[in-house]
Protein chains: 2
Amino acid sequence: MRPRNGAIDQKARSFIEAARRDQIVQAAVEILSELGYAKTSFARIAEHAGISAGLISYHFDNKSDLFQQVVADINALMDGWLTEHIGDADTYREALRRLIEGFVLFCDSHRAHVLALGQLLAGVGGQENGELVRSQREQSVGQIEQMLREGQEHGEFRDFSPRFMAVTLLGSLEAIPGELFARPGTDVAAYAKELSMTYDLAVRRSRLRRITRG
Amino acid sequence: MRPRNGAIDQKARSFIEAARRDQIVQAAVEILSELGYAKTSFARIAEHAGISAGLISYHFDNKSDLFQQVVADINALMDGWLTEHIGDADTYREALRRLIEGFVLFCDSHRAHVLALGQLLAGVGGQENGELVRSQREQSVGQIEQMLREGQEHGEFRDFSPRFMAVTLLGSLEAIPGELFARPGTDVAAYAKELSMTYDLAVRRSRLRRITRG
DNA sequence: ACCTGAACACCGTTCAAGT
DNA sequence: ACCTGAACACCGTTCAAGT
């Protein structure tokens, strides 16, 4: 029958199927970033990719399935970028700095991807629509949360709710694509420095209580 | 002391037209918050309001016009709430604290409104779609930016780009509705305290340099 | 297996027609 | 002025039919 399409678990796909899915996702990213969510349709994606609209439905269960794959692919790209950027930081404080500055640089150098992602992350109200999108976001929160918690356990960060701080930081990060779009001339390096410094001030132990170190 | 909230250019409207528009906006808020953006259609809004779908098009130029009115109305509601909550704060530091905690409380006590807003703020990529939505956001950024700049001029805050910090803070604030939706049992009062403390740490002058204080 | 194009139900918008 | 319901072009999805 038809290929099983569940977005997340990588089912074994034929060479041509994998290629088609990549092609469609790529076209979706470009249309989303150029025309925005409202004007993004299967017809336009298909036209841009030089295929029929029906073929998209053949390779993806539905619109939501396609968009979830888009989000997953961009997240994977970003994850690789950030992992490489964080590298072997000696301290959690340094890792946090690199995470933040790395994210800003990623936004700057992948504007189309990050704009498309912004179009899709949207809200969290729709129940069935963004099920997997929400779980992707939950994963991002979880990764940041864990880094913050470990930093606390190593005595580098002050006492705060890691969950709360992860949500707060992620909010600040997700505001960046919109800002770069609204003000394309933004000094990205300066923005990155300001953001990492701001969160360094927000999470560090107070001077008075910082006794032990290293 | 607060900037005027230009709540959309109020065209002279008849009593019945104003009532209909309010009714339609109200229905849109409920459908958006309950079903999410994807499932929100004129047909469903009209059914929920007990009118024909054509009547919505009669009172609003188009879908975008309706949604912009929804955003404007919710923003006006929030603006009133925050203005009252900030009140006559003695210092900018205190005003910032009240702004942040007031916003968290607003999100908690107006979940439907704030969820609907989250569905609409979405991305910034679509060119014609969210024109006024973007300008509303720009206005929010501008108001926060001005408060931060004045706080700097009064020597209460450290040296940072007010524009950058406003965008960063607004990002953290806009992450709240999603978090309250994802974790309805969140301790809202504690969240508010953590957030205001976090930004207090982020913007205050360093202990060493804080000499004068009026 | 892979892909197209027609068919279907639904969408936002328009508009002739009613009050 | 206010409102309806039919008509229109477009949407996502399905599916018979082609390779």
Side-chain angles (χ1 to χ4, degrees), chain A residues 1-7 11-28 31-32 35-70 119-120 122 126-133, chain B residues 11-25 27-28 31-32 35-70 119-120 122 126-133:
Chain A
M1 298 295 286
R2 320 256 195 68
R4 282 280 164 274
N5 286 341
K11 298 283 180 176
R13 306 192 193 280
S14 73
F15 173 79
I16 187 131
E17 183 178 4
R20 277 288 187 218
R21 286 175 61 95
D22 282 348
Q23 178 196 24
I24 293 167
V25 167
Q26 173 66 15
I31 296 296
L32 276 167
L35 303 184
Y37 185 89
K39 289 192 170 181
T40 295
S41 66
F42 278 19
R44 267 184 261 256
I45 294 172
E47 184 191 18
H48 191 260
I51 58 178
S52 72
L55 188 55
I56 300 180
S57 288
Y58 175 77
H59 284 292
F60 295 91
D61 287 344
N62 48 45
K63 199 181 174 187
S64 185
D65 184 37
L66 167 60
F67 286 163
Q68 282 164 7
Q69 188 64 55
V70 172
Q119 291 292 320
L120 297 178
Q127 34 249 53
E128 87 195 81
N129 188 31
E131 191 51 50
L132 233 162
V133 168
Chain B
K11 298 223 174 189
R13 305 193 194 280
S14 73
F15 173 78
I16 188 130
E17 183 177 3
R20 276 289 186 220
R21 285 173 63 96
D22 281 349
Q23 179 196 23
I24 292 167
V25 166
I31 297 296
L32 276 166
L35 304 183
Y37 185 88
K39 289 193 170 181
T40 295
S41 66
F42 278 17
R44 266 184 263 257
I45 294 172
E47 183 191 18
H48 191 260
I51 58 177
S52 72
L55 188 54
I56 300 179
S57 288
Y58 175 75
H59 284 292
F60 295 91
D61 288 344
N62 49 46
K63 197 181 175 187
S64 186
D65 184 37
L66 167 61
F67 286 164
Q68 282 163 6
Q69 189 64 55
V70 172
Q119 290 292 319
L120 297 178
Q127 34 247 53
E128 85 195 85
N129 190 30
E131 192 51 50
L132 230 163
V133 169

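No experiment lies behind these values; they were computed from the predicted model shown. Computed over heavy atoms, backbone and side chain alike; hydrogens, waters and symmetry mates excluded. Residue numbers begin at 1 in each chain, while the letters A, B, ... track the order of the sequences.
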Regarding the side chain of E17(A), the nearest nucleotide among dC2(D), dC2(C), dT13(C) is dC2(C)
Of the listed dC11(C), dC2(C), dT13(D), the closest approach to the A43(B) side chain comes from dC11(C)
Would you check, one step at a time, whether the test side-chain contact (heavy atoms from CB on, under 4.5 Å) holds for R44(B) with H48(B)?
-> CA-CA 6 Å; R44(B) 266 184 263 257; H48(B) 191 260; over 6 Å; no
Closest of dG12(C), dT4(D), dC3(D) to the S52(B) side chain is dT4(D)
Given the options F60(A), Y37(A), F42(A), F67(A) meets ring pair (Phe, Tyr, Trp, His ring centres under 6.0 Å) only with Y37(A)
To the nearest angstrom, the CZ-C1' distance between F15(A) and dC2(C) comes to 14 Å
F67(B) CZ to dT13(C) P, in whole Å, measures 9 Å
From NZ of K39(A) across to C1' of dG12(C) the rounded distance in Å is 14 Å
Inset, instruction - State, yes or no, whether a side-chain contact exists between I56(B) and I51(B) at a heavy-atom distance under 4.5 Å. - result: yes
Against the side chain of R44(A), the closest entry in dT13(C), dG12(D), dC11(D) is dC11(D)
Remember a base hit wins even if backbone is also touched, and classify I56(A) as base, sugar-phosphate or nothing at under 4.0 Å, heavy atoms.
-> nothing
Between Q23(B) and A49(B), is there a donor-acceptor pair closer than 3.5 Å when you use the side chain of the first and the backbone of the second?
yes
Against the side chain of H59(A), the closest entry in dT4(C), dC3(C), dT13(C) is dC3(C)
note: I24(A), atom CD1; dC3(C), atom P; distance rounded to Å ~ 8 Å
Under the 3.5 angstrom rule, does the side chain of Q119(A) hit a backbone N or O of G36(A) as a donor-acceptor pair? no
Taken to the nearest whole Å, CZ/R20(B) to P/dC2(D) is 10 Å
Re dA6(C): Watson-Crick or G-U wobble partner, both distances kept under 3.5 Å, found to be dT14(D)
Taken to the nearest whole Å, CZ/F60(A) to C1'/dC3(C) is 15 Å
Taken to the nearest whole Å, CD/E47(B) to P/dT4(D) is 14 Å
Does OP1 or OP2 of dC2(D) have a side-chain N or O of S14(B) closer than 4.0 Å? yes
Of dC3(D), dC2(C), dT13(D), the nucleotide closest to the side chain of Y58(A) is dC2(C)
Testing dT14(D), dC3(C), dT14(C) for proximity to the side chain of S57(B), the answer is dT14(C)
Under a 3.5 Å limit on both distances, the Watson-Crick or wobble mate of dA1(C) is dT19(D)
Taken to the nearest whole Å, NZ/K63(A) to P/dC10(D) is 16 Å
Ranking dC3(D), dT13(D), dC11(D) by distance to the side chain of I16(B), first place goes to dC3(D)
Of dT4(C), dC2(C), dC2(D), the nucleotide closest to the side chain of I51(A) is dT4(C)
Side-chain atoms of L55(B) come closest, of dC3(D), dT13(D), dT13(C), to dC3(D)
Checking V25(A), L32(A), I31(A) against I45(A) for side-chain contact (heavy atoms from CB on, under 4.5 Å), the one that qualifies is I31(A)
